[in-house]
Enquirer: 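Please read through the structure below; I'll follow up with questions.
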Amino acid sequence: DQLYNFKTKNPLSDKDIDLGHYEKAMTFLAEKGAIDAISYLGQYQVKSINDIKEARFFKSAILHASLLIGVQRFSQAESFINEYQKSHPSNSDFSKLRIRLALAQKNYSQSLTLLDAFSIPINIDADFEELRAVTQQAKGQYIDAQNTYKKLLKFDNRISRWWMGLAIAFDSSADFKSAKQAYQQVLLSTDLTAEHSTYALRRITVISR
């Protein structure tokens with residue numbers, strides 16, 4: 001059925017339809033939780049391979065896959081992501097979702113293998129390098145994680161979660177002097193969150209003792 005913009009009485013574009021589903025799902029997520037948002041999106045995601053190939057806007061599909069990962073419906077998420085990635089190999093968002101799926105399943109070796117398949121510069125898309133740092137951290141490769149976070153911070157030193165990642169990497173390798181300095185940088189970040197602030201202050205207090 002054709003959907004219409006009630007203000008202009010013109011048919012909605014594919015982009016408008018996709019954005020509408022995304023925004024409705026976000027409302028379900030906020031008011032009722034992930035399962036209801038997934039259920040809503042499941043009614044409207046394209047079903048056939050041909051429809052997936054024809055798709056040009058992916059905001060609601062990316063949200064759907066992210067929510068499936070979040071509620072640990074891993075096999076469903078994998079099938080969903082693979083179909084979109086096969087149909088749209090140049091769309092890096094589905095590549096990131098595959099890496100996040102591997103991370104969620106604690107398959108860190110697969111995550112790193114997938115990351116090694118991409119060579120996208122930080123100034124084009126820093127997400128891949130951040131996913132590498134997160135994977136290294138989760139795998140206990142703290143020196144590697146430190147080096148990756150330093151690379152990210154050289155690109156942009158205002159991001160609190162990157163300073164936090166670096167601080168935790170130092171902390172985990174018992175380099176407490178460097179950890180304290182990095183936690184202090186967390187508190188100076190332009191995008192500081194309450195969660196980061198609380199954790200950084202607590203670790204600075206403990207380390208200072």
Enquirer: Between Q146 and S173, which heavy-atom pair has the shortest distance, and what is it?
Expert: NE2-OG, 2.9 Å

Enquirer: Quick one: CG on D125 to OG on S92, what's the gap to the nearest 0.5 Å?
Expert: 5.0 Å

Enquirer: Would you compute the distance between atom OG of S60 and atom CG of L41 and round it to the nearest 0.5 angstrom?
Expert: 6.0 Å

Enquirer: Hydrophobic cluster membership, with links at side-chain heavy-atom distances under 4.5 Å among I/L/V/M/F/W/Y: are I99 and L63 in one?
Expert: no

Enquirer: T148 and side-chain hydrogen bond (donor to acceptor under 3.5 Å, both in side chains): which single residue from E129, E130, Q136 fits?
Expert: Q136

Enquirer: Could you give me the CA-CA distance, side-chain angles and deciding distance for I35 and R73, then say whether side chain to side chain contact (heavy atoms under 4.5 Å, CB included) is met?
Expert: CA-CA 11 Å; I35 300 301; R73 293 186 185 177; 3.7 Å; yes

Enquirer: When rounded to the nearest 0.5 angstrom, what distance separates CG in L187 from OG in S160?
Expert: 9.5 Å

Enquirer: Look at the rings of Y44 and H21 and say which category their plane angle falls in: under 30° parallel, 30 to 60° tilted, over 60° perpendicular.
Expert: parallel

Enquirer: Taking all non-hydrogen atoms of both residues, which atom of H196 and which atom of L192 are closest, and how far apart?
Expert: CB-CD1, 4.0 Å

Enquirer: Decide whether L103 and V71 are clustered together by the hydrophobic rule: side chain heavy atoms of Ile, Leu, Val, Met, Phe, Trp, Tyr closer than 4.5 Å, transitively.
Expert: no

Enquirer: Can you tell me if NZ on K59 sees more than 12 non-hydrogen neighbours from other groups inside 6.0 Å?
Expert: no

Enquirer: Would you call I207 and Y183 a side-chain contact if the rule is heavy atoms closer than 4.5 Å?
Expert: yes

Enquirer: Quiz question: by atom type and distance under 3.5 Å, do the side chains of Q85 and S95 form a donor-acceptor pair?
Expert: yes

Enquirer: Check the pair D93, F58 against side chain to side chain contact (heavy atoms under 4.5 Å, CB included), reporting the backbone distance first and the verdict last.
Expert: CA-CA 9 Å; D93 287 315; F58 309 103; over 6 Å; no

Enquirer: Looking at side-chain heavy atoms only, is the closest gap between T135 and Q141 below 4.5 Å?
Expert: no

Enquirer: Examine distances only and state if a side-chain atom of S111 and a backbone atom of N107 form a donor-acceptor pair shorter than 3.5 Å.
Expert: no

Enquirer: For H64, run the side-chain contact (heavy atoms from CB on, under 4.5 Å) check against I38, I81, I69 and tell me which one passes.
Expert: I38

Enquirer: If we only count heavy atoms from C-beta on, is the S189 to R161 side-chain gap below 4.5 Å?
Expert: no

Enquirer: Report the distance from atom CG of L19 to atom CE of M26, rounding to the nearest 0.5 Å.
Expert: 11.5 Å

Enquirer: Taking side chain as C-beta onward, heavy atoms only, is I122 less than 4.5 Å from D156?
Expert: no

Enquirer: Let's go through I159 and L152 carefully: what are the C-alpha distance in whole Å and the side-chain angles of both, what is the deciding distance for side chain to side chain contact (heavy atoms under 4.5 Å, CB included) to 0.1 Å, and is it a yes or a no?
Expert: CA-CA 9 Å; I159 310 296; L152 285 161; over 6 Å; no

Enquirer: Between D144 and R132, is there a side-chain N and carboxylate O pair less than 4.0 Å apart?
Expert: no

Enquirer: Indicate, with yes or no, if I143 and I168 share a hydrophobic cluster defined by side-chain heavy-atom contacts under 4.5 Å among Ile, Leu, Val, Met, Phe, Trp and Tyr.
Expert: no

Enquirer: Taking atom CD as the centre, does Q184 end up with more than 12 heavy-atom neighbours from other residues, nucleotides or ligands that are less than 6.0 angstrom away?
Expert: yes

Enquirer: Do R100 and L131 have side chains that approach each other closer than 4.5 Å (heavy atoms only, starting at C-beta)?
Expert: yes

Enquirer: Do NZ/NE/NH1/NH2 and the carboxylate oxygens of D14 and R56 come within less than 4.0 Å?
Expert: no

Enquirer: Check whether W162 reaches the backbone of N157 with its side chain - one donor and one acceptor, N or O, closer than 3.5 Å.
Expert: no

Enquirer: Establish whether W163 and V206 are linked, either directly or via other cluster members, by ILVMFWY side-chain heavy-atom contacts under 4.5 Å.
Expert: no

Enquirer: What is the distance from atom CE of M164 to atom CG of D171, rounded to the nearest 0.5 Å?
Expert: 10.0 Å

Enquirer: Taking all non-hydrogen atoms of both residues, which atom of A133 and which atom of A145 are closest, and how far apart?
Expert: O-CB, 4.0 Å

Enquirer: Sort and list the pairs that fulfil ring-ring contact (aromatic ring centres under 6.0 Å, His included) and have at least one residue in residues 105-159, not counting sequence neighbours.
Expert: F118-F128

Enquirer: Minimum heavy-atom separation for F80 and A65, please, with both atom names.
Expert: CD2-CB, 3.8 Å

Enquirer: Begin with the C-alpha distance, continue with both residues' side-chain angles, and end with the deciding distance and a verdict on side chain to side chain contact (heavy atoms under 4.5 Å, CB included) for R158 and D191.
Expert: CA-CA 7 Å; R158 299 168 298 174; D191 63 341; 5.8 Å; no

Enquirer: When rounded to the nearest 0.5 angstrom, what is the spacing between CG in L114 and NZ in K96?
Expert: 14.0 Å

Enquirer: Kindly say whether L101 contributes a backbone atom to a donor-acceptor pair with the side chain of Q105 at under 3.5 angstrom?
Expert: yes

Enquirer: Please determine whether residues I204 and F176 belong to a single hydrophobic cluster, defined as Ile, Leu, Val, Met, Phe, Trp and Tyr linked transitively by side-chain heavy-atom distances below 4.5 Å.
Expert: yes

Enquirer: Report yes or no: does Q76 contribute a side-chain atom to a donor-acceptor pair with the main-chain N or O of L68 at less than 3.5 Å?
Expert: no

